[in-house]
Participant: 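Submitted below is the structure of interest, expressed as structure tokens.
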Amino acid sequence: MKIPPVKGTRDFYPPDMALRNWLIDGWKRVSVRNGFEEYDGPIFEYLKMFQLKSGDEIVEQLFSFEDRGGRKLALRPEITPTLARMVNQQINSLPRPIKWFSVPRLCRAERPQRGRLREFFQWNIDIIGVDDVLADAEVIFCALDYLQEVGLTPDDIVVKISSREMLAAILLSIGIAEDELEPLYALLDKRSRLGEDTFEEMLTKQVSDENRRKKILELMNAESVEQIGDFVELSETAKESVDELQRLFELLDVVGVADFCVFDIGVVRGLAYYTGIVFEIYDKASQFRAIGGGGRFDDLLKQFGGPDMPATGFGIGDSVLEILLREKGLLDMVVPQKQLDYFVAFTDKQFFQKAIEIMAKLRRSGAAANFAYKSTTLSKQLKQASAQNAQKSIIIGRELSDNNELVIKDMATGEQELIELNKFFAELESESK
RNA sequence: GUGAAAGUAGCUCAGCUGGUUAGAGCACUGGAUUGUGGUUCCAGGGGUCGGGGGUUCAAAUCCCCUCUUUCACCCCA
């Protein structure tokens, strides 16, 4: 019986695995140089943890199950609730600010499509305990630090930034009721995809007052933070949020990533727990779905039974990123599959034992070494050496039996040199130290 | 979850107005090459044509169901 792979999952063959590791190693390296420490949690949690604060969207996409003790569990669709749980558990002993990152494997029971799978990896970084917008700037910088490192430029990607807090303050100040906010967020989020007429039509359904409607439509035209005040009169709280956004853009300019960043009032985000600054990263042509996104979730820790502590962070998934990088040609030269330092070949059966002895010695001293299982011609063995990307081949033959010498062949240049056996290993030892 | 299109070798695809043992390129294995590889040449393995059912003398080809993928909704990594 042939069993197919499960819908929306991927098999990682060695070349795929090499790429995945390259991607994830990059995430980790950049996280560390930005001052973040790695953490991880379990791949499943109590179902109710995700039902609590993530919002309906995520809950609908949960893979959930019951264990033998009747516990209702779910595979994690995101790691932020786990982060909140973990931080809360040790909050009194953790030095602030808490700057943590993780590369969790996540599962969501969505309908699979290009760039959207049922199992994927996500790079998350979070700063907990800093309410200053400086933390939001740092988080955005960190994401862009990585994206730039892999070769993406402002011509390729854009970070769209807004503030939920500001949007709420403005909407409230023009007379929108508190309970009307959520559905309105959803509509505003969709605006760019709907087209002007449809958007106005749907807005009319939600906001009956024509005056308010007009103000919202005007507000949508704001192309920069500075312009917002031109379209609507700002309340005191709205003004504070606008100032905060303005400061964020100044900071992004100071750290040199302003070229990537734009203000976009349409960015609201689906997860329910976002409170302040929110952002999403897209390819410039808007050809693919969002590469990543994030924002402030100042209430989450408290909602999970912890202290009132501000937090901000982002997530970037592996699948859209990979599609984008491939399209931009940035994966072409990446990722050598197999890196072998030495391939040990022998010219005659009589040298076989010596060959595996030397191969074992190479491995013990830290070099990656392989050899041919079958005793075949030297030609065949060198062919294998090439196929395995060996940097050098060691040929064991009469030179060894006559003069105790190895033939070292550089596979890139084809050049060969003779070196005395003990001298070779002495040099190898000193290199590894 | 809703709507639409596609599924032929490991990969990219040809064949499809139904008709002899289903093809190519790349990849893979072996040989040409008895002490020198990445090139070339030759040969070989590999497919119940996504799966199941139906129509027919005859199905990769037509019909139905199902699975998977892709696209659009939905939403976002």
Side-chain angles (χ1 to χ4, degrees), chain A residues 1-11 13-16 23 27 54-61 76-80 103-124 143 185-186 189-190 193-194 198 267-272 274 278 280-283 286-294 314-324 340 343 345-351 372 374-401 407-416:
Chain A
M1 188 170 45
K2 216 173 181 178
I3 314 243
V6 176
K7 184 195 189 88
T9 63
R10 287 171 291 180
D11 291 330
Y13 288 89
D16 311 311
L23 213 67
W27 287 347
S54 299
D56 297 341
E57 193 56 39
I58 282 270
V59 171
E60 278 168 25
Q61 296 169 356
R76 62 185 178 194
E78 54 167 344
I79 203 174
T80 310
V103 183
R105 185 171 202 145
L106 306 176
C107 297
R108 294 182 192 174
E110 287 185 280
R111 181 119 175 202
Q113 247 179 73
R114 192 162 188 234
R116 184 222 276 172
L117 302 159
R118 290 187 159 194
E119 185 196 43
F120 57 97
F121 292 87
Q122 196 183 59
W123 174 34
N124 278 256
Y185 285 163
D189 190 43
K190 263 187 272 193
R193 279 166 272 147
L194 287 175
T198 327
V267 173
V268 184
R269 302 204 42 80
L271 290 172
Y274 286 110
V278 283
E280 285 176 352
I281 308 168
Y282 286 90
D283 65 292
S286 279
Q287 194 182 348
F288 309 115
R289 44 189 72 245
I291 301 159
F314 76 77
I316 288 182
D318 67 324
S319 62
V320 181
L321 181 62
E322 185 188 323
I323 290 166
L324 178 68
L340 209 53
F343 191 95
F346 48 93
T347 59
D348 188 276
K349 260 198 293 228
Q350 60 172 303
F351 298 114
K374 275 192 297 184
S375 171
T376 56
T377 62
L378 181 61
S379 169
K380 286 274 159 54
Q381 294 179 64
L382 289 172
K383 204 168 196 151
Q384 278 192 48
S386 285
Q388 296 184 23
N389 278 323
Q391 308 213 305
K392 289 179 179 174
S393 289
I394 296 181
I395 300 166
I396 316 286
R398 62 176 113 76
E399 294 83 352
L400 188 72
S401 51
V407 180
I408 311 288
K409 182 182 177 74
D410 186 301
M411 297 304 281
T413 63
E415 281 166 25
Q416 297 190 180

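Every chain is numbered from 1 and lettered A, B, ... according to where its sequence line falls, protein lines coming before strand lines.
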Participant: Only counting residues at least two apart or in another chain, list the ones meeting side-chain hydrogen bond (donor to acceptor under 3.5 Å, both in side chains) with A:Asp283.
Facilitator: none

Participant: Looking for any heavy atom pair under 4.0 Å, which part of the strands does A:Leu106 touch: base, sugar-phosphate only, or nothing?
Facilitator: nothing

Participant: Please pick, from B:U69, B:A32, B:U2, the nucleotide with the shortest atom-to-atom distance to any side-chain atom of A:Lys383.
Facilitator: B:A32

Participant: Counting just side-chain N and O atoms, does A:Gln113 come under 4.0 Å of either OP1 or OP2 of B:U69?
Facilitator: no

Participant: Considering only B:G38, B:C71, B:G35, which nucleotide approaches the side chain of A:Arg114 most closely?
Facilitator: B:C71

Participant: Taking only the side-chain heavy atoms of A:Lys374 (C-beta and beyond), determine which of B:G30, B:G35, B:U2 contains the nearest atom.
Facilitator: B:G30

Participant: Contact class for A:Arg116 vs. all strands (heavy atom < 4.0 Å): base, sugar-phosphate, or nothing?
Facilitator: base

Participant: Looking at every strand, decide which applies to A:Ile291 at a 4.0 Å heavy-atom threshold: base, sugar-phosphate, or nothing.
Facilitator: sugar-phosphate

Participant: Please tell me if A:Lys380 has a side-chain N or O lying less than 4.0 Å from either OP1 or OP2 of B:G31.
Facilitator: yes

Participant: Given B:G35, B:A77, B:U69, identify the nucleotide with an atom nearest to the side chain of A:Lys7.
Facilitator: B:U69

Participant: Report which part of the nucleic acid A:Lys349 touches: base, sugar-phosphate, or nothing (heavy-atom distance under 4.0 Å, all strands).
Facilitator: nothing

Participant: In the structure shown, which nucleotide is the Watson-Crick or G-U wobble counterpart of B:A72, with both distances under 3.5 Å?
Facilitator: B:U2

Participant: Name the nucleic acid region contacted by A:Glu119, choosing base, sugar-phosphate or nothing; use a 4.0 angstrom heavy-atom cut-off, strictly under.
Facilitator: nothing

Participant: Run the numbers on A:Trp123 and A:Phe314 for side-chain contact (heavy atoms from CB on, under 4.5 Å), then give the verdict.
Facilitator: CA-CA 8 Å; A:Trp123 174 34; A:Phe314 76 77; 3.7 Å; yes

Participant: Both distances below 3.5 Å, Watson-Crick or wobble geometry, any strand: find the nucleotide opposite B:G25.
Facilitator: B:C11

Participant: Base, sugar-phosphate alone, or nothing: which one does A:Ala385 contact when heavy atoms must sit under 4.0 Å apart?
Facilitator: nothing

Participant: Which nucleotide sits closest to the side chain of A:Arg289: B:U36, B:C71, B:C76?
Facilitator: B:C76

Participant: Answer with base, sugar-phosphate or nothing: what part of the nucleic acid does A:Leu321 contact at a heavy-atom distance below 4.0 Å?
Facilitator: nothing

Participant: Hey, are A:Arg105 and A:Glu119 close enough for a salt bridge, meaning a charged N less than 4.0 Å from a carboxylate O?
Facilitator: yes

Participant: Among B:U33, B:C74, B:C75, find the nucleotide with the atom closest to the side chain of A:Ser379.
Facilitator: B:U33

